[in-house]
Amino acid sequence: MSAGPPKGSVGRVLVAASELEARVAELGAAITADYRDRSLLMVGVLKGAFVFMSDLAQAIDLPVEIDFMAVSSYGKSTKSSGVVRIVKDLETDIRDRHVLLVEDIVDSRLTLRYLTELLQARRPASFGVCALLVREGAPTDGIDYAGFAVGPDWVVGYGLDVGERHRSLPDVCAYDPDLPPVGQDGGRGP
Ligand code: IMP
Ligand code: MG
């Protein structure tokens, strides 16, 4: 699949870096309280969760272990293929471990459902889910910690991408496919 020339631009800020920082601190405090007596293994879902995972791990006042999985359901497009594929599996044996899955965004729940079934079949001692963003209208059952609800716009920044672009933006922004592309940064330059 060819990436082609970039279409669209980064639009308005939906969740500013300062709000992300404050919410991540709250989530970290809640997780710290809940896992005080359990040794926690955080499992980040690459690539989108890499920034959130890093900040969240530092906001948890416990000696956590971390591991990552990579899955793909969207490829380079903004439409789910409907099929989840493991791109990278865990290095850790999670049997009898207290696992907290860390996701960037839960949208159709396809990825979450797939990963929950896959990881629970490995018999962890407990299984929790923390998602930075949850699409408004998506059922929240099975999500133990959620950062923010977001509307229907595709979002980029703070780890999230469109066709591998804009992951390093510090804010969560709407991506507008109808805005003309502006330079390399998709309209978010100085
Ligand atoms: P789901 O399987 O539809 O719930 O989507 C989950 C995955 O799709 C997320 O972990 C993201 O990687 C990706 N995704 C869904 N919506 C967005 C978005 O608005 N921006 C960036 N990635 C998204
Ligand atoms: Mg993801």
Side-chain angles (χ1 to χ4, degrees), residues 1 3 6-17 19-20 23-24 27 42-57 66-90 99-120 127-179 181 185-188:
M1 195 189 336
K7 293 189 183 73
S9 277
V10 176
R12 64 203 171 84
V13 172
L14 297 179
V15 190
E19 298 172 85
L20 289 164
R23 187 73 185 119
V24 170
L27 293 171
M42 299 174 71
V43 170
V45 185
L46 294 173
K47 300 174 194 170
F50 84 105
V51 178
F52 177 44
M53 177 81 166
S54 168
D55 286 349
L56 184 64
I66 64 162
D67 202 345
F68 290 96
M69 286 192 78
V71 294
S72 171
S73 64
Y74 283 75
K76 285 191 162 35
S77 106
T78 55
K79 261 220 159 98
S80 173
S81 64
V83 179
V84 183
R85 194 166 57 89
I86 294 189
V87 178
K88 179 207 172 297
D89 206 340
L90 293 175
V99 172
L100 181 65
L101 187 73
V102 179
E103 258 282 28
D104 51 358
I105 180 167
V106 174
D107 184 5
S108 70
R109 292 181 65 96
L110 180 75
T111 310
L112 182 62
R113 202 178 319 127
Y114 176 83
L115 286 175
T116 299
E117 273 172 29
L118 181 88
L119 296 180
Q120 282 192 336
F127 182 77
V129 174
C130 178
L132 176 69
L133 306 172
V134 179
R135 192 75 76 194
E136 262 161 28
T140 54
D141 55 287
I143 303 175
D144 303 277
Y145 309 92
F148 298 91
V150 286
D153 288 337
W154 192 261
V155 295
V156 295
Y158 200 67
L160 292 102
D161 75 313
V162 59
E164 294 304 326
R165 291 154 60 229
H166 309 305
R167 290 194 195 276
S168 60
L169 292 176
D171 311 304
V172 172
C173 301
Y175 184 76
D176 187 339
D178 299 324
L179 284 176
D185 59 4
R188 273 240 84 223

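Ligands are counted one by one from 1 in listed order, and the atoms in each one are counted from 1 as well.
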Asker: Please confirm whether L112 comes within less than 3.5 Å of ligand 1 when only nitrogen or oxygen atoms on both sides are compared.
Answerer: no
Asker: With heavy-atom distances below 4.5 Å as the criterion, would you say the side chains of F52 and L27 are in contact?
Answerer: yes
Asker: When rounded to the nearest 0.5 angstrom, what is the spacing between CG in L100 and CD1 in I66?
Answerer: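 It comes to 12.5 Å.
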Asker: Show the atoms of ligand 1 that are less than 4.0 angstrom away from any heavy atom in R135.
Answerer: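 In order of numbering, the contacting atoms are 16 (N), 17 (C), 18 (C), 19 (O).
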Asker: To the nearest 0.5 angstrom, please state how far the CZ atom of R23 sits from the CG atom of D55.
Answerer: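 Answer for the CZ-CG pair, R23 versus D55, is 14.5 Å.
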Asker: With a heavy-atom distance limit of 4.0 Å, tell me whether D104 approaches ligand 1 through its side chain, its backbone, both, or neither.
Answerer: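 For D104, only side-chain atoms sit under 4.0 Å from ligand 1.
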Asker: Heavy-atom contacts under 4.0 Å between L160 and ligand 1: side chain, backbone, both, or neither?
Answerer: side chain
Asker: Going by the order shown, which atoms of ligand 1 are within less than 4.0 Å of some heavy atom of V155?
Answerer: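 So the atoms of ligand 1 that pass are 18 (C), 19 (O), 20 (N), 21 (C).
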Asker: Evaluate the side-chain proximity of K47 to V87: yes if any heavy-atom separation is below 4.5 Å, no if none is.
Answerer: no
Asker: Is there a donor-acceptor pair closer than 3.5 Å between any side-chain N or O of D153 and the backbone N or O of V155?
Answerer: no
Asker: Report, in ascending order of atom number, the atoms of ligand 1 lying under 4.0 Å from any heavy atom of E103.
Answerer: 10 (O)
Asker: Looking only at heavy atoms of S108, does any of them come nearer than 4.0 Å to an atom of ligand 1?
Answerer: yes
Asker: Could you tell me whether a side-chain N or O of R109 sits under 3.5 Å from a main-chain N or O of A138, the two making a donor and an acceptor?
Answerer: no
Asker: Identify which of V134, I105, L46 has a heavy atom lying nearest to atom 9 (C) of ligand 1.
Answerer: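 It is I105 that holds the nearest heavy atom.
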Asker: List ligand 1 atoms under 4.0 Å from D161, heavy atoms only on the residue side.
Answerer: 21 (C)
Asker: List ligand 1 atoms under 4.0 Å from R109, heavy atoms only on the residue side.
Answerer: 1 (P), 3 (O), 4 (O)
Asker: Given that the side chain starts at C-beta and the backbone is N, CA, C, O, which of these parts of V84 lies under 4.0 Å from ligand 1, counting heavy atoms, or is it both or neither?
Answerer: neither
Asker: To the nearest 0.5 Å, tell me how far L14 CG sits from L20 CG.
Answerer: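 Atom-to-atom, L14:CG and L20:CG are 10.5 Å apart.
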Asker: Is there side-chain contact between M69 and D89, with at least one heavy-atom pair below 4.5 Å?
Answerer: yes
Asker: Tell me, please: is R113 in heavy-atom contact with ligand 1, that is, under 4.0 Å?
Answerer: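 The answer is no, since R113 has no heavy atom less than 4.0 Å from ligand 1.
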